[in-house]
Amino acid sequence: MLIANGRGRLLTKKMGRNFALVSLAALALGAASQRESAQPVEAGMIADGDDWPSWGRNGLETHYSPLDQIDAGNVSDLKLAWHFDLEPGYTATVPLEAEGKVFITTQHSHLRAFDAASGKLLWEYDGGTTQRRSDPLALSWGNKGIAYWDHKVFLDTTDGYVVALDAATGKEVWKVQDFPDAAPRNANGAPRVFDGKVIVGFGGADITPARGFVTAYDAETGKRAWRFYTVPGDPKQPPIDKAEAVERATWHDWIKPDGSRRGGGGTAWNAFSYDKELNLIYLGVGNGFPYNQTLRSPGGGDNLFLASIVAVNADTGEYVWHYQVTPGEQWDSTATMDMTLATLKIDGKDRKVLMQAPKNGFFYVIDRTNGKLISAEKIAKVTWASGIDMKTGRPIENPGIRYAGKPGLFELWPGPSGAHSWPPQAYSPLTGLVYIPVMENGALIGDGQKGGSASEMGAGMGATLVPEVDLPGGHRSFLKAWNPVSQQEAWKVELPGDWPGGVLASAGNLVFQGRMDGNLVAYNAKTGQVVWHYKTESPIVGAPISYRVGGRQYVTVITGNGGNGAGITSPGNAAYRTDYRLPRRVLTFAIGGADSIAPFTMPPLEIPADPDFKPDAARAQKGAMLFGGNACLVCHGWNAVGGGAAPDLRYSPMIVDGDAFKQVVHNGALVPNGMPKFAQISDDDLDTIRFYLRTRSKQAPAEWAALQAKLAAEPGK
Ligand code: HEC
């Protein structure tokens, strides 16, 4: 019944997955025979300006293409050249181009290779996560990107397998396990390859004190080259290296008497940059766990290397320097955002800089030869600090901002989604500007032991966090062009929704960015004037890329999910219908392209008939807590408002069918499609969660009408 009742896609998708394992080797043989023995190397990448072989194009992480065939003058002739339809699921990812092929990954490590000029599918590879794992952590926050080096494509599956594939055939060359199966970790950022080393990290510090580390593997063999631990291990043992000695001095009692971890985190899941000249790799390190610092490190301390940028020797992984953006962080204040390397003329001198806009609301320019701060200014509303002390490089914290031990909830700007999150910024050496996707979102936070709140989230964090709250000036997003020398805004554009897409800058004086309202937009890089847009019929979160094949410049972007990171900021985007049922595609544009996509009409939102429903506020409240506590909201959205990562359950027929609900939630019927199995939830609790969803379903039509009215009152956003 489950499968027949509109569930046909499960079967079709299963077939697709099997097919994925059969690589279309025959098609790719031609390409393999054309291998060049010597390829140009640029900033540690095998690439010339034509290719886009890495997340940020090369180790400098500029998200900048030096190609200028498409420019502000002819961009009006930019048309769709080819497209490819993707299955539902997490597609907030950044593609690659190398060897004339476009490589992409979608949720749960499903790779595809296309002929970059024609869009013809060359091979597929299924990373196999859904066959190995059915837990929410392994299935959350899908793969965001992949890497390329020397005829190989590299993948880090969400459950921690690092895999090298032959770029021509999609066949496995080697595969290693980065962390054990049982570890509460999850890999979802793009791996990087810098001069023959594959760099991978992972996340997980929002739910456990997992000890963060970053590992480098030999790209040829998969042999481990080095591993760098971002937080200290067992204090009874001597420090394993210089880094751990530095870390230990800044933590207190992080290991319990029984040897288990009280505090940890520092997972570096997204940002790595490479400085070939200085032979340094920079690691962007994440938040601590528990959030509440007094539980994590009783006695305080800076807790290195949480919320830090760490420079390590590229060959050995040895610690060289660090800069901590948020000492003793307690606000999910990660420094895992892209770090852009450039040379800037500051006070008449050429300075080698690293530029980052971490979550905490400041934009930092750091001397990358020594880690010293050059400048830092606010790019959004910030309430936790008034500024950065230029003498010490440390933030000037606002009094009273540390919530531990205090009753009540405190307003916090930026909230845990950050003033900037993982959608990459871009830097154009031509304009000298950094293009940053900026969010203005406040939250409420308090000590979790001093009384909870209605929408408490994240058991074990030691903090009560309400990330989705309507504060004046909140739920807004911008594309800001920032001058890193003067630390001033050059221009800004307000965007629809509150989750801005990643950015691409190009030598054609253009900046490309996808938007929540289903448009890919090109701006004049100097002025911010909109010079081109294309209706993509679906929101865009991943960053576009640009490359040249056969003498022609292309722009490729992946559309679709999810309106947000995974589902948590969904109410801010709800008005834009970032629905799970929206189409997801690979779209490739070129001057004079002749392809098109059909307009998409969203099926009507119908709330399931539920004649027996009787309101019960207390029961609904209990269900809301279970919905949060079991991580349903991570994918299905805050307040059960779907953001696109998973179906909007307020409209699901299953919430009025207890058997079907149990089949899916408890028995794992939809694991192959990315819906985890929750075998531990009792029948009673299942019914209570379902009751909450039925309640939310009844409220949905009025909320939808209010959102549409709000949208109509904000034209031009
Ligand atoms: C890791 C992300 C994730 C988490 C966490 C998650 N889900 Fe899902 N869920 C999905 C996805 C993806 C689908 C759609 C699967 C498909 O396409 O068939 C789904 C589908 C469902 C459906 C079927 C809806 C329909 O009409 O097809 C129900 C019911 C559901 N989830 C309930 C829950 C509940 C309850 C929880 C928490 C106990 C939960 N989910 C947690 C990702 C998730």
Side-chain angles (χ1 to χ4, degrees), residues 1-14 16-17 86-92 106-108 110 129-130 133-143 158-159 186 188 203 206-207 457-458 560-562 564-568 570 579-582 584 603 605-608 623-638 640 642-694 696-697:
M1 176 232 122
L2 180 68
I3 305 296
N5 186 14
R7 301 279 98 208
R9 203 175 57 70
L10 176 61
L11 285 176
T12 352
K13 256 187 92 177
K14 265 196 181 145
R17 293 281 156 111
L86 298 167
E87 66 282 354
Y90 193 96
T91 50
T106 53
Q107 186 156 12
H108 317 309
H110 189 106
T129 310
T130 52
R133 296 277 290 269
S134 61
D135 55 295
L137 187 60
L139 302 183
S140 296
W141 313 103
N143 256 180
T158 36
D159 57 335
N186 125 326
N188 53 60
D206 290 325
I207 50 166
M457 159 186 159
N561 175 53
N564 47 37
I568 292 196
S570 41
D579 195 287
Y580 188 65
R581 297 169 298 175
L582 281 164
R584 286 138 169 99
L605 290 175
E606 279 169 28
I607 63 161
M625 299 294 277
L626 289 167
F627 189 77
N630 285 294
C632 313
L633 64 74
V634 172
C635 299
H636 290 285
W638 189 257
D648 191 318
L649 296 177
R650 298 171 302 165
Y651 305 103
S652 167
M654 288 193 199
I655 63 174
V656 293
D657 181 340
D659 291 340
F661 194 80
K662 186 171 177 179
Q663 277 295 316
V664 168
V665 182
H666 184 273
N667 299 350
L670 296 177
V671 167
N673 295 351
M675 163 62 195
K677 175 177 173 169
F678 296 86
Q680 76 287 3
I681 303 183
S682 70
D683 283 1
D684 232 28
D685 283 356
L686 281 177
D687 269 349
T688 311
I689 295 174
R690 210 159 57 75
F691 186 82
Y692 164 66
L693 294 169
R694 290 162 68 197
R696 292 292 298 130
S697 180

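Each ligand, and each atom within it, is numbered from 1 in the order the structure gives.
- Checking side-chain atoms of N186 against main-chain N and O of L137 turns up a donor-acceptor pair under 3.5 Å.
- With hydrogens and angles ignored, the 3.5 Å screen pairs no side-chain donor or acceptor of H636 with any backbone N or O of G642.
- In this structure, V664 counts as a contact residue of ligand 1, since one of its heavy atoms falls inside 4.0 Å of the ligand.
- Considering backbone and side-chain N/O atoms, N630 never comes within less than 3.5 Å of an N/O atom of ligand 1.
- Contacts with ligand 1 closer than 4.0 Å are made by no heavy atom of L693, backbone or side chain.
- Interface of S140 with ligand 1, defined as ligand atoms under 4.0 Å from a residue heavy atom, comprises 1 (C).
- Close contacts of ligand 1 with L139, meaning ligand atoms under 4.0 Å from a residue heavy atom, involve 1 (C).
- Applying the 4.0 Å criterion to heavy atoms of F661 picks out, from ligand 1, the atoms 29 (C), 35 (C).
- Contacts between P88 and ligand 1 below 4.0 angstrom, taking non-hydrogen atoms only, are absent altogether.
- At distances below 3.5 Å, not a single donor-acceptor pair connects side-chain atoms of H108 with backbone N or O atoms of G142.
- Of all the heavy atoms in L686 and F661, the pair that sits closest is O-CE2, 3.6 Å.
- Remark: ligand 1 atoms within the under-4.0 Å shell around heavy atoms of L670 are 18 (O).
- Ligand-side atoms of ligand 1 in range of C635: 1 (C), 2 (C), 3 (C), 4 (C), 5 (C), 42 (C), 43 (C), range being under 4.0 angstrom from any heavy atom.
- At least one N or O atom of S652, backbone or side chain, sits closer than 3.5 Å to an N or O atom of ligand 1.
- Residue contact check for ligand 1: Y580 places a non-hydrogen atom closer than 4.0 Å to it.
- No side-chain donor-acceptor contact under 3.5 Å links N667 to the backbone of A669.
- Atoms of ligand 1 lying under 4.0 Å from any heavy atom of I681, numbered from 1 in the order shown and given with element: 38 (C).
- Considering all non-hydrogen atoms of both residues, P608 and S697 come closest at CD-OG, 3.5 Å.
- The shortest side-chain heavy-atom distance between T130 and L139 falls under the 4.5 Å cut-off.
- Ligand 1 is approached by A631 to a heavy-atom distance shorter than 4.0 Å.
- Remark: among candidates R690, M675, K677, the nearest residue to atom 19 (C) of ligand 1 is M675, based on non-hydrogen atoms.
- In this structure a side-chain-to-backbone donor-acceptor pair under 3.5 Å is missing from N630 to C632.
- For R690, the salt bridge (charged side-chain N to carboxylate O under 4.0 Å, His left out) partners two or more places apart in sequence, or in a different chain, are D687.
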